[in-house]
There are 2 protein chains.
Amino acid sequence: MTTRDPQATALARLAALFADETRAACLLALLDGRAWTASELARHAGVAASTLSEHLGRLVAGGLLAEERQGRHRYVRLADARVAQLVEDLAAQVAPGRTVRPRNLRESSAGSAMARGRTCYDHLAGRLGIAVTDALTARGLLQQETGFALTDAGLAWFESAGIGLDRRGRRPLARACLDWTERRPHLAGIAGAALCRHALDTGWCVRIGSERAVKVTAAGERALFDLLGVQATELR
Amino acid sequence: MTTRDPQATALARLAALFADETRAACLLALLDGRAWTASELARHAGVAASTLSEHLGRLVAGGLLAEERQGRHRYVRLADARVAQLVEDLAAQVAPGRTVRPRNLRESSAGSAMARGRTCYDHLAGRLGIAVTDALTARGLLQQETGFALTDAGLAWFESAGIGLDRRGRRPLARACLDWTERRPHLAGIAGAALCRHALDTGWCVRIGSERAVKVTAAGERALFDLLGVQATELR
DNA sequence: CGGATACTTCGGCCGCCGCCGAACCGTGTG
DNA sequence: CACACGGTTCGGCGGCGGCCGAAGTATCCG
């Protein structure tokens with residue numbers, strides 16, 4: 001009050017952006033890494049377009065979202081990987097306590113598709129993400145014993161698989177991201193993003209509908225087995 | 001509204017705990033890893049005891065704080081390392097934008113002591129934390145190239161230095177924590193905590209006053225130089 | 001036992017914030 | 001040009017939540 005801690009003020013202001021159910025729903029939706037229009041988000045969150053417009057204004061002003069205007073559309077996406085990580089961290093903190101019991105078949109099947117495989121901003125998560133991470137670890141390409149890092153063999157593997165790693169910028173090459181369905185860490189960071197992009201580009205997996213869920217194709221099963229020894233059964 | 005996303009609800013509820021300046025000030029203060037009494041926090045935050053009591057109730061109910069009652073005192077501390085990490089992450093997200101210009105000499109000297117060396121929950125931060133992390137990296141004990149992990153030599157170093165690493169539990173052995181004064185990652189996780197505890201136990205550094213700041217002793221300078229080659233000049 | 005201290009509970013006040021619908025603006029379309 | 005459509009602005013409403021001080025409870029101390 002007389003002399004407030006500016007750091008506390010800033011922290012509270014940032015947290016306030018997450019502290020609303022509608023905004024939280026938007027941020028979680030945007031974890032798919034894609035850009036959504038304002039009206040899509042409004043429908044998703046179940047509020048009026050005018051309400052959502054104000055929310056987007058705050059989120060953009062707060063630096064959490066980046067916007068891009070095209071014609072009469074306003075596209076927004078998470079500002080950067082740092083923001084995505086923050087959303088993931090908060091979501092992960094909250095998830096362990098949840099024992100979701102889906103209400104009906106639609107939610108149940110949607111939920112199980114998400115649990116099977118999904119993107120987490122720009123990398124793979126769900127059983128798919130875990131299976132890949134485990135396979136990398138088992139083959140000595142990734143080590144989780146004394147931290148979380150690619151091994152030299154791992155670097156070579158990415159190269160030989162033709163998956164380029166753009167190491168400019170500050171983002172860590174490999175980083176652990178806690179999976180909220182599996183409750184175990186999976187590969188994120190530059191390597192995780194590159195792997196996911198490669199998987200989508202080459203058709204190892206495809207997105208299901210407009211959600212974050214992804215599905216492994218037959219070609220993907222073959223490639224994952226050939227390259228990493230991932231058994232198809234781990235993905236179901 | 002008809003069918004709200006329970007994850008969004010949970011995330012918003014969690015974030016709401018951080019989204020108040022008074023509670024944020026408490027959480028940041030508790031980042032020193034110690035237990036504070038309710039009245040200490042009330043004084044620190046500049047609010048009435050009754051107000052703070054309600055805040056503590058919420059934070060405890062929300063699982064962010066653990067409490068311990070002793071006589072007429074209510075001690076609280078951060079619930080665990082996970083919570084501490086979340087606070088750090090949020091604080092780090094907010095810090096880069098801040099270019100603090102201290103108002104007066106007291107704040108200035110307090111600030112520079114914090115910048116020189118401090119604890120970040122249970123590990124070392126500030127120039128001290130960075131110097132140690134850099135030294136570990138330069139000596140090949142820690143690698144940040146392909147992630148963030150101790151090397152085999154690093155494991156051996158901890159052993160030979162007599163710093164035990166208790167690897168039970170899920171906490172990662174080594175983890176990067178972004179330093180909000182140096183804006184670079186420093187060592188956290190089990191190894192970071194063990195190193196910090198060792199440094200305080202053996203008198204390499206001592207706490208300054210009741211704050212998070214720590215000061216490297218003459219014995220500490222010698223030990224850090226002998227064991228890691230840290231130059232005393234890096235610590236000033 | 002009586003007073004001091006630490007904390008909690010309660011009632012009441014105030015301000016902020018999320019919500020909506022209506023009106024408005026700008027862009028694309030027949 | 002008229003119209004549809006996506007988005008924004010505005011006014012107004014309602015509720016939540018943070019704040020305080022006063023009163024109450026529990027503990028420690030002399």
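Computed from a predicted model, the values in this text were never measured in an experiment. When reading the values below, keep in mind they use all heavy atoms of this one structure, side chains included, and skip hydrogens, waters and symmetry mates. Each chain gets a letter, A, B and so on, in the order the sequences are listed, and its residues count up from 1.
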- Query: Tell me: CG of Leu41(A) to P of dC19(C), nearest whole Å?
  - Reply: 14 Å
- Item | Separation of atom CG in Leu59(B) from atom P in dG17(D), rounded to whole Å | 14 Å
Taking only N/O atoms, report every protein-nucleotides 27-30 of chain C pair under 3.5 Å with atom names and distance.
residue : atom : partner  : partner atom : Å
dT27(C) : O2   : Arg72(A) : NH1          : 3.1

- Task: State which residues pass salt bridge (charged side-chain N to carboxylate O under 4.0 Å, His left out) with Arg175(B); sequence neighbours excluded, sorted by chain then number.
- Result: Glu88(B)
- Message: If I take atom OH in residue Tyr75(B) and atom P in nucleotide dT27(D), what distance separates them, rounded to the nearest angstrom?
- Response: 16 Å
- d(CZ, Arg74(A); P, dC25(C)) in whole Å: 18 Å
- Residues in residues 49-58 of chain B with a heavy atom under 4.0 Å of DNA chain C, by number, are Ala49(B), Ser50(B), Ser53(B), Glu54(B)
- Task: Return the set of residues passing side-chain hydrogen bond (donor to acceptor under 3.5 Å, both in side chains) with Asp122(A) (not counting sequence neighbours), or none when no residue passes.
- Result: Arg171(A)
- Query: In chain order, what residues pass the salt bridge (charged side-chain N to carboxylate O under 4.0 Å, His left out) check against Glu54(A), with sequence neighbours excluded?
  - Reply: none
Validation: residues 191-202 of chain B side-chain donor-acceptor distances under 3.5 Å, sequence neighbours left out:
residue   : atom : partner   : partner atom : Å
Thr202(B) : OG1  : His198(B) : O            : 2.7
Thr202(B) : OG1  : Trp204(B) : NE1          : 3.3

- Query: If you pin Asp20(A) and His73(B) to their nearest nucleotides in DNA chain C, which one's is more 5'?
  - Reply: His73(B)
- Query: In whole angstrom, what separates Glu68(A)'s CD from dG7(D)'s P?
  - Reply: 14 Å
